[in-house]
Protein chains: 2
Amino acid sequence: MATKTEIRRQELRDKLILIAERTIAQKGLSALRARDLANEAGCAVGAIYNVFGDLTDLTLAVNARTFHRLGADVAEALADAPDDPVEQLVVMAQAYHQFAAQNHLSWRALFDIERAPGEAAPDWYLQEMGRLFVYISDPLAVIFPNRDAEELALLTRALFSSVHGIVLLGLDEASAGVSSENIDRMIALILRQFAANPE
Amino acid sequence: MATKTEIRRQELRDKLILIAERTIAQKGLSALRARDLANEAGCAVGAIYNVFGDLTDLTLAVNARTFHRLGADVAEALADAPDDPVEQLVVMAQAYHQFAAQNHLSWRALFDIERAPGEAAPDWYLQEMGRLFVYISDPLAVIFPNRDAEELALLTRALFSSVHGIVLLGLDEASAGVSSENIDRMIALILRQFAANPE
DNA sequence: TCTATCATTGAACTGCGTTCATTGAGATGA
DNA sequence: TCATCTCAATGAACGCAGTTCAATGATAGA
């Protein structure tokens with residue numbers, strides 16, 4: 001039962017996510033304000049807390065969508081990639097870069113979110129992460145056929161982290177950012193040099 | 001002139017930096033509070049603003065010290081490193097990791113600080129960064145004698161960013177952190193594999 | 001239609017960084 | 001030494017966040 005109420009709550013939930021998504025994309029996570037949100041959604045500030053525990057919960061909902069779009073972009077790039085496993089890694093990493101560049105503030109919100117100490121990341125986060133890792137470990141297994149599963153898992157994580165670091169510091173304008181072209185060159189340099197002459 | 005006052009201001013400045021440094025190291029940047037600071041320093045809240053423009057300025061002063069300690073640690077590790085340039089890279093990267101792990105919250109504060117959009121990083125930041133980059137580019141030039149200066153600069157930045165990414169995600173407990181030993185293994189994997197068989 | 005229930009509301013609360021009128025200490029000249 | 005001026009130090013008050021909760025109003029069942 002309680003259909004009327006439940007429908008309204010669901011609609012408010014969706015509306016808030018869309019507004020928060022737009023706000024974060026355009027002005028960044030730090031511009032997300034409860035009162036502005038309520039204004040735009042045409043509801044009371046308190047209503048937000050009927051639907052989300054707090055603003056962090058709302059941000060997590062936005063981040064889930066962002067992460068999902070990111071995963072889809074990488075998957076699409078992989079689908080169009082050549083057969084060569086090294087090139088697949090390069091294409092995916094550059095797709096990751098492109099997504100981060102074109103959705104900079106939303107992408108930053110994935111990592112800038114305040115997390116209670118000791119609390120684990122939500123399930124969807126680990127799942128999307130795992131999805132990305134599989135994209136990486138598959139070509140890696142072809143490139144390094146002699147490494148065991150544990151080493152491959154470590155390599156996978158290491159490569160993802162490396163590309164993430166290159167994109168993160170490259171897009172950080174404050175510390176003398178790097179041109180988009182040079183970020184792609186760094187990614188290609190690292191991955192090609194890394195995958196050259198496997199044992 | 002104004003000796004009495006200037007001395008007091010300098011003493012307060014130093015005292016505030018020490019207190020903020022301890023607070024950040026023990027409880028993180030987000031636990032830095034103006035009123036607590038004033039309490040511990042035995043001064044009024046307003047006094048903080050006679051000495052620092054705002055709390056971000058104070059945090060920058062703490063970060064400058066942290067960054068300097070980081071540079072010193074890496075330099076010390078390099079001094080004790082073997083002659084082999086690849087091993088030098090590994091030793092430095094693991095020193096970077098060790099510093100980040102042992103000074104986790106202080107190290108996070110280096111990057112978590114809120115920066116006004118469009119504002120460049122302060123000079124000391126770029127200088128310390130450049131210092132770290134020289135440590136990396138020197139061994140790289142030995143490993144890759146055929147690359148020109150621009151490529152070496154890109155490689156340097158790429159390697160630093162990669163190691164930074166590995167440490168950053170590895171130390172992030174929320175996303176299923178990695179053991180200290182495995183972080184070192186990832187660093188060694190990436191760097192050794194990267195430097196193997198240069199053209 | 002009436003009423004008990006529960007969702008919704010927004011003023012109020014808390015806690016933060018920052019400001020500024022007031023206070024008081026220190027420097028200067030007689 | 002004392003009077004006076006200058007400017008540093010003070011902390012109550014301000015503005016602005018997120019969040020709460022007593023009062024209100026809508027909903028659903030009889």
Side-chain angles (χ1 to χ4, degrees), chain A residues 1-17 19-24 26-63 105 109 112-117 119, chain B residues 1-17 19-24 26-63 105 109 112-117 119:
Chain A
M1 294 305 136
T3 45
K4 259 304 197 3
T5 293
E6 275 180 8
I7 287 173
R8 198 170 30 195
R9 281 170 75 102
Q10 188 57 48
E11 282 175 355
L12 180 60
R13 204 186 141 82
D14 293 347
K15 198 193 282 188
L16 286 173
I17 290 177
I19 294 171
E21 195 167 34
R22 186 162 47 74
T23 304
I24 291 174
Q26 289 176 356
K27 304 183 196 168
L29 180 56
S30 63
L32 200 67
R33 235 135 280 187
R35 283 167 182 80
D36 295 351
L37 222 42
N39 257 342
E40 285 198 63
C43 70
V45 275
I48 297 172
Y49 295 87
N50 294 334
V51 173
F52 293 99
D54 54 24
L55 289 194
T56 298
D57 280 0
L58 171 54
T59 303
L60 281 174
V62 172
N63 280 354
L105 295 175
D112 287 349
I113 194 167
E114 191 123 355
R115 278 171 303 197
E119 190 167 351
Chain B
M1 293 302 141
T3 44
K4 260 295 193 18
T5 292
E6 274 180 10
I7 287 173
R8 196 169 33 192
R9 280 171 74 101
Q10 188 58 47
E11 280 176 356
L12 180 60
R13 204 186 141 83
D14 293 346
K15 198 193 282 186
L16 286 173
I17 290 177
I19 294 170
E21 195 167 35
R22 184 163 46 74
T23 303
I24 290 174
Q26 289 175 358
K27 305 183 195 167
L29 180 55
S30 64
L32 199 66
R33 236 135 283 193
R35 284 167 182 79
D36 294 352
L37 222 43
N39 256 341
E40 285 199 63
C43 69
V45 273
I48 298 171
Y49 296 87
N50 293 335
V51 173
F52 292 100
D54 54 25
L55 288 194
T56 298
D57 281 0
L58 171 54
T59 304
L60 281 174
V62 172
N63 279 355
L105 294 175
D112 287 349
I113 193 166
E114 189 123 356
R115 277 170 305 195
E119 193 168 348

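Naming convention: chains lettered A, B, ... in sequence-line order (proteins, then strands); numbering from 1 in each chain. Just so we're clear, the structure is a prediction, and the values are computed from it rather than from any experiment.
As rounded to whole Å, 15 Å separates atom P of D:dG11 from atom CG of B:Leu37. Rounded to whole Å, the distance from CD1 on A:Ile7 to P on C:dA7 is 15 Å. Atoms CG (A:Asn39) and P (D:dA17) sit 12 Å apart, rounded to a whole Å. One can place CZ of A:Arg9 at 14 Å from C1' of D:dA26, the figure rounded to the nearest angstrom. Atom CZ of B:Arg35 is separated from atom C1' of C:dT18 by 9 Å (rounded to the nearest Å). Atom-to-atom, CG of B:Leu16 to C1' of D:dA9 comes out at 13 Å; the value is rounded to the nearest Å. Remark: C1' of C:dT9 and CG of A:Leu12 are 13 Å apart, rounded to the nearest angstrom. Whole-Å rounding puts the A:Ile48 CD1 to D:dG18 C1' distance at 10 Å.
Of the candidates B:Asn63, B:Ile17, B:Val51, B:Ile19, B:Leu58 forms a side-chain contact (heavy atoms from CB on, under 4.5 Å) with just one, namely B:Ile17. With A:Leu55 as the fixed residue, the side-chain contact (heavy atoms from CB on, under 4.5 Å) test singles out one of A:Leu37, A:Leu16, A:Leu29: A:Leu37.
Contacts between residues 50-58 of chain A and DNA chain D, counted as heavy-atom distances below 4.0 Å, involve A:Asp54, A:Leu55.
Across A:Glu40 and A:Thr23, no two heavy atoms sit closer than the pair OE2-OG1, 4.2 Å. When every heavy atom of B:Ala109 is checked against every heavy atom of B:Ile24, the shortest pair comes out as CB-CG2, 3.8 Å. Nearest heavy-atom pair, A:Ala41 versus A:Lys15, reported as atom, atom and distance to 0.1 Å: O-NZ, 3.3 Å.
Counting heavy atoms from C-beta on, the side chains of B:Asn50 and B:Leu12 never come closer than 4.5 Å.
Checking side-chain atoms of A:Asp57 against main-chain N and O of A:Leu60 turns up no donor-acceptor pair under 3.5 Å.
For B:Arg33 against C:dG15, a side-chain-to-base donor-acceptor contact under 3.5 Å is absent.
The side chain of A:Val45 approaches C:dG10 more closely than any other nucleotide in the set C:dG10, C:dT9, C:dT19. Here the side chain of B:Arg8 is nearest to one of D:dT20, D:dT10, C:dA25, namely C:dA25.
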